[in-house]
A.B. asks: 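Right, I'll just put the structure down here and ask away after.
Heavy atoms only: backbone and side chains are in, while hydrogens, waters and symmetry mates are out.
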Protein chains: 2
Amino acid sequence: MLTKSSTELVRQRNSVLVLSVLRRHGALAHTEIADSTGLSSATISAITADLERAQIIEKSEQQAASGRGRPRVLLRQRRDCGYLIVVIISSDAVQYSLVDYAGKLIDRFSEERSHDPAGAARFIAGVRAGLSRILDRSRITQEKVLLISISSKGLVNSTEPVLVWSPIFGSEQIDFESALRPDWQAKVILDNETLLVAAALGAREEIVKGADFRSLAALSLGHSVGLGIVRRGNQTGQEISAPNFGHMLHMAGGGLCRCGTRGCIEAYAGFYAILRSAFEVPLDTIPAKFVPVAELDKIAAKARQGHRIPAFAFRQAGLALGNGLSRMLSLTERMPIAITGPGTRYYDLLRQGIEEGLSQSHIVRMEGMPEIRVVADEQILVFEGHLNRALSVIDQDIVISGGQSGD
Amino acid sequence: MLTKSSTELVRQRNSVLVLSVLRRHGALAHTEIADSTGLSSATISAITADLERAQIIEKSEQQAASGRGRPRVLLRQRRDCGYLIVVIISSDAVQYSLVDYAGKLIDRFSEERSHDPAGAARFIAGVRAGLSRILDRSRITQEKVLLISISSKGLVNSTEPVLVWSPIFGSEQIDFESALRPDWQAKVILDNETLLVAAALGAREEIVKGADFRSLAALSLGHSVGLGIVRRGNQTGQEISAPNFGHMLHMAGGGLCRCGTRGCIEAYAGFYAILRSAFEVPLDTIPAKFVPVAELDKIAAKARQGHRIPAFAFRQAGLALGNGLSRMLSLTERMPIAITGPGTRYYDLLRQGIEEGLSQSHIVRMEGMPEIRVVADEQILVFEGHLNRALSVIDQDIVISGGQSGD
DNA sequence: ATTATTTTCTCGACAGTCGAGAAATTAAGT
DNA sequence: ACTTAATTTCTCGACTGTCGAGAAAATAAT
């Protein structure tokens with residue numbers, strides 16, 4: 001559905017554009033902003049004057065004049081314009097980070113996850129406590145927290161911040177919106193963790209390749225299996241999505257998965273699945289909730305020494321991943337695949353299976369094997385993805401509402 | 001990547017908006033346009049005056065005044081503003097349709113496809129001949145043909161009008177852009193046939209449900225298997241895509257497909273595949289190029305009489321479709337599925353397999369079986385999809401360029 | 001004829017962008 | 001010390017666009 005445009009909307013969009021180049025490049029002078037936005041100098045004057053009046057950006061002390069002519073004055077975001085809390089939920093801990101409007105980390109701590117399985121309600125209480133704790137440790141008033149950006153593995157509702165399915169809580173839904181609304185007036189967004197990895201990699205790629213960048217998938221290997229896809233949208237930035245890849249059907253009637261279904265990809269490629277097949281436990285055994293990585297390292301060591309059964313377990317995992325990836329490519333398009341997560345340490349063992357699984361499909365036979373790269377530092381990428389997304393959401397919101405309060 | 005906005009762009013967008021409501025609702029009066037666009041009366045005056053000057057719309061004879069007050073003058077598109085040629089490539093014929101700017105069919109004929117397999121070049125020559133024929137039969141000058149909209153089964157390049165893979169020509173690519181550029185200055189677009197079906201169904205759905213519409217998949221069953229997905233985009237109208245569904249991997253190392261790969265969905269659910277398994281021909285037999293539907297009807301009749309082997313063939317086909325659909329849903333989201341194409345006549349035989357194949361997956365177990373409906377009149381939907389897409393492309397182009405030539 | 005009603009058109013106000021050039025500010029030259 | 005060149009920022013008028021209010025137009029009812 002198309003919708004009407006107005007001159008005010010033009011200003012809004014151009015203001016967001018100015019903020020976004022400021023975010024990408026750091027402090028910039030008037031002329032530099034004009035150059036990288038394509039807007040005229042006069043327009044930059046008008047927009048920056050507005051933003052300055054609304055206390056969103058500020059003039060910084062001019063640096064040592066680097067040539068002759070009137071010295072530049074750099075414009076930059078005001079750090080105290082607003083704050084962001086990033087909550088990263090992982091299987092064993094929840095990490096809270098307080099970040100200012102310029103993207104600078106102010107405070108961070110992690111809290112152990114209670115492994116109490118009966119604890120969706122307790123978990124929510126824990127998150128609420130963690131949030132107030134990070135606020136209390138700072139000198140920031142609550143109204144200044146503009147956004148709470150949460151990530152988790154699992155399946156996320158695309159429109160509301162509701163965790164629909166997660167490895168830990170299963171189908172016990174967690175609605176962060178209603179959980180946090182009593183305490184917080186900040187906006188709450190929730191994203192799948194691997195989606196954020198993909199978003200971060202996509203943003204990096206776009207800086208390097210510019211308009212040549214088309215699409216990219218991130219595959220996260222660990223206790224569970226996640227996938228994020230970034231695709232260049234028609235007009236609007238990037239299109240990102242986090243499919244339910246780990247629980248996509250690999251083989252009908254196959255091994256039993258943690259989710260209770262048979263034949264999920266994760267039932268072959270999750271850590272517990274590799275363990276299960278390495279120990280030749282029947283595939284319909286209810287899998288362990290949690291597998292120590294050290295255990296898997298031992299199996300990997302044996303596989304590398306040439307033992308058949310452990311090597312076969314990794315190969316099966318690779319095949320499931322490769323087949324699944326090929327299906328994903330059939331449904332989208334050929335794109336590079338970045339593999340992250342703790343499972344990358346076994347990539348040498350998985351690789352052959354992945355490639356064989358991929359090559360069993362029409363699309364790969366026809367268009368060739370997609371580029372596969374291993375990317376370390378998943379944690380950093382998750383955080384980077386949070387910042388990318390959250391700060392641009394804040395920019396958007398601040399411009400829309402800032403025009404009202406400003407002046 | 002964000003891009004700058006300007007006041008001119010506002011006018012462009014609002015002009016397109018006006019043209020789109022005119023297209024949806026037919027001839028409208030000034031006030032009606034204002035109501036359904038949300039633009040003010042003054043703006044409508046300005047925009048329609050521009051469009052009228054550019055000879056894109058015209059005032060129609062006012063209808064019988066329906067009340068007191070100044071009578072309305074209806075505005076409508078000028079039919080002679082430009083023309084569209086729709087080319088629908090199917091396995092046995094190519095249909096050419098000439099359509100005016102208001103979407104009215106002016107002329108149509110079909111030409112038999114030469115089944116000569118060595119004929120990509122000859123096929124292109126045939127299309128060029130067909131196009132000049134339909135133009136010659138009219139009194140329209142070539143410059144007035146603004147767009148040639150082509151559809152085919154198979155895999156289509158998403159940015160350029162290149163048929164990457166098709167059931168008939170295989171990997172022998174057909175680049176319609178370079179094939180038609182010598183003769184035509186019209187823009188050329190190419191879409192997958194089932195994508196157009198999905199687009200048409202999505203547009204219908206959106207009229208009924210309005211903002212509640214989220215997404216929809218169209219599955220076309222026939223000699224080959226096609227899938228189109230429509231999803232409501234964030235801001236920009238609808239996001240549509242045509243995955244390579246028929247050749248998505250169903251089962252590694254499975255039956256041989258026409259494409260030369262093993263285990264494609266089509267190798268189980270295409271007409272030739274059902275025939276093959278009903279006759280218990282080994283699954284690695286090179287399949288027939290073309291299967292008379294009468295032959296399949298016989299098998300279906302036997303299956304309905306309770307013969308095991310033919311019934312099993314349809315069931316296997318259903319399972320392949322159901323598993324494939326479940327994978328598609330895992331990678332996107334739960335959405336209704338509309339089944340079209342000649343294969344719908346066997347839906348009674350396929351249904352159980354499809355549902356079983358779907359229910360083997362996590363997403364269906366968790367969120368429930370998606371709504372499945374059978375939709376007849378695939379041909380009409382394909383044409384409707386062509387018109388939806390092509391005419392809105394024309395509107396867009398005409399507004400962008402029309403501003404220059406106009407006045 | 002006059003009045004009520006409805007639609008279309010027009011005018012002035014306001015918001016936004018742009019190009020050109022003025023104002024500001026520094027380095028280099030004489 | 002003064003002038004000139006260079007560079008950046010700011011300002012002004014022109015242009016485009018949307019909007020609200022009300023004038024103008026055109027018909028039915030009184």
Side-chain angles (χ1 to χ4, degrees), chain A residues 3-18 27-54 57-75 399-400 402-404 406-407, chain B residues 3-18 27-54 57-75 399-400 402-404 406-407:
Chain A
T3 176
K4 75 167 176 175
S5 286
S6 61
T7 51
E8 286 84 356
L9 226 147
V10 169
R11 168 56 66 91
Q12 264 184 30
R13 297 169 87 96
N14 285 338
S15 298
V16 170
L17 180 62
V18 167
L28 288 181
H30 188 106
T31 41
E32 294 170 316
I33 297 176
D35 284 351
S36 48
T37 57
L39 293 165
S40 75
S41 164
T43 304
I44 300 299
S45 279
I47 289 176
T48 53
D50 272 6
L51 292 175
E52 210 178 337
R53 204 164 339 146
I57 62 172
E58 62 188 354
K59 292 200 176 76
S60 80
E61 289 70 75
Q62 60 251 40
Q63 55 192 6
S66 61
R68 65 174 158 180
R70 179 172 172 172
R72 305 176 154 192
V73 300
L74 299 186
L75 296 166
V399 164
I400 291 170
Q404 297 167 355
D407 186 88
Chain B
T3 175
K4 75 168 176 175
S5 287
S6 63
T7 50
E8 285 84 357
L9 224 146
V10 169
R11 169 56 65 92
Q12 265 184 29
R13 296 169 86 98
N14 285 338
S15 298
V16 170
L17 179 62
V18 167
L28 288 181
H30 188 105
T31 42
E32 295 170 315
I33 298 177
D35 284 350
S36 48
T37 57
L39 293 166
S40 76
S41 165
T43 305
I44 300 299
S45 279
I47 289 176
T48 54
D50 272 5
L51 292 175
E52 210 179 337
R53 207 169 343 175
I57 63 173
E58 62 189 353
K59 292 199 176 78
S60 80
E61 288 72 74
Q62 60 253 41
Q63 56 192 7
S66 60
R68 67 173 160 181
R70 179 171 172 171
R72 307 179 152 189
V73 300
L74 298 187
L75 296 166
V399 164
I400 292 171
Q404 299 168 352
D407 185 86

A.B. asks: Mind calculating the distance between CG (B:Leu17) and C1' (D:dG17) to the nearest angstrom?
C.D. replies: 15 Å
A.B. asks: Bend across the helix from C:dA1-D:dT30 to C:dT30-D:dA1, to 10°, with axes taken over 5 pairs at each end?
C.D. replies: 30°
A.B. asks: To the nearest 0.5 Å, what is the distance between CG (A:Leu9) and CD (A:Gln12)?
C.D. replies: 5.5 Å
A.B. asks: To the nearest angstrom, how far is A:His30 atom NE2 from C:dT25 atom P?
C.D. replies: 15 Å
A.B. asks: Nearest 0.5 Å, please: how far is CD1 in A:Ile33 from CD1 in A:Ile47?
C.D. replies: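 Going from the CD1 atom of A:Ile47 to the CD1 atom of A:Ile33 covers 9.5 Å.
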A.B. asks: Within this structure, what is the CZ-OG1 distance for the pair B:Arg72 and B:Thr31, rounded to the nearest 0.5 Å?
C.D. replies: 4.0 Å
A.B. asks: Distance check needed: D:dT16 C1' versus A:Leu9 CG, whole Å only.
C.D. replies: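 Distance check: A:Leu9 CG to D:dT16 C1' gives 16 Å.
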A.B. asks: In this structure, which one of A:Leu75, A:Val73, A:Leu74 forms a side chain to side chain contact (heavy atoms under 4.5 Å, CB included) with A:Ser60?
C.D. replies: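 Only one option passes, and that is A:Leu74.
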A.B. asks: Listed in order of residue number, which residues of residues 39-51 of chain B have a non-hydrogen atom at under 4.0 Å from DNA chain D?
C.D. replies: B:Leu39, B:Ser40, B:Ala42, B:Thr43
A.B. asks: In this structure, how many angstroms lie between the C1' atom of C:dT5 and the CZ atom of B:Arg68, rounded?
C.D. replies: 5 Å
A.B. asks: Rounding to a whole Å, what distance do you find between A:Glu8:CD and C:dA13:P?
C.D. replies: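 For the pair A:Glu8 CD and C:dA13 P, the rounded distance is 18 Å.
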A.B. asks: Please report the distance, rounded to the nearest Å, between CZ in B:Arg11 and P in C:dG16.
C.D. replies: 17 Å
A.B. asks: Between B:Leu39 and A:Ser5, which heavy-atom pair has the shortest distance, and what is it?
C.D. replies: CD2-O, 4.5 Å
A.B. asks: Which nucleotide, D:dT8, D:dT18, C:dT26, lies nearest any side-chain atom of A:Arg70?
C.D. replies: D:dT8
A.B. asks: OP1 or OP2 of D:dT18 sitting under 4.0 Å from any side-chain N/O of B:Asn14?
C.D. replies: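 Looking at the OP1 and OP2 atoms of D:dT18, one of them is under 4.0 Å from a side-chain N or O of B:Asn14.
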A.B. asks: How far apart are the closest heavy atoms of A:Lys4 and B:Asn14, and which atoms are they?
C.D. replies: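 Between these two residues, the closest heavy atoms are CA-OD1, 3.5 Å.
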A.B. asks: Taking only the side-chain nitrogens and oxygens of A:Lys4, find out if one of them lies under 4.0 Å from OP1 or OP2 of D:dG17.
C.D. replies: no
A.B. asks: Mind checking what makes salt bridge (charged side-chain N to carboxylate O under 4.0 Å, His left out) contact with B:Glu8, not counting sequence neighbours?
C.D. replies: none
A.B. asks: Does B:Thr31 or B:Thr7 map to a spot on DNA chain C nearer the 5' end, using the closest nucleotide for each?
C.D. replies: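 So the residue in question is B:Thr31.
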A.B. asks: Within this structure, what is the CD-to-P distance between B:Glu32 and C:dT6, rounded to whole angstrom?
C.D. replies: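 The answer, rounded to whole Å, is 14 Å.
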A.B. asks: Among A:Thr37, A:Thr43, A:Ile44, which residue meets the side chain to side chain contact (heavy atoms under 4.5 Å, CB included) test with A:Ser40?
C.D. replies: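 Considering A:Thr37, A:Thr43, A:Ile44, a side chain to side chain contact (heavy atoms under 4.5 Å, CB included) with A:Ser40 is found only for A:Thr43.
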A.B. asks: Roughly, in whole Å, what's the span from CZ in B:Arg53 to P in C:dC9?
C.D. replies: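 After rounding, the gap between these two atoms is 12 Å.
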A.B. asks: With the side chain counted from C-beta on, respond yes when B:Arg13 and B:Val10 share a heavy-atom pair under 4.5 Å apart, and no when they do not.
C.D. replies: no
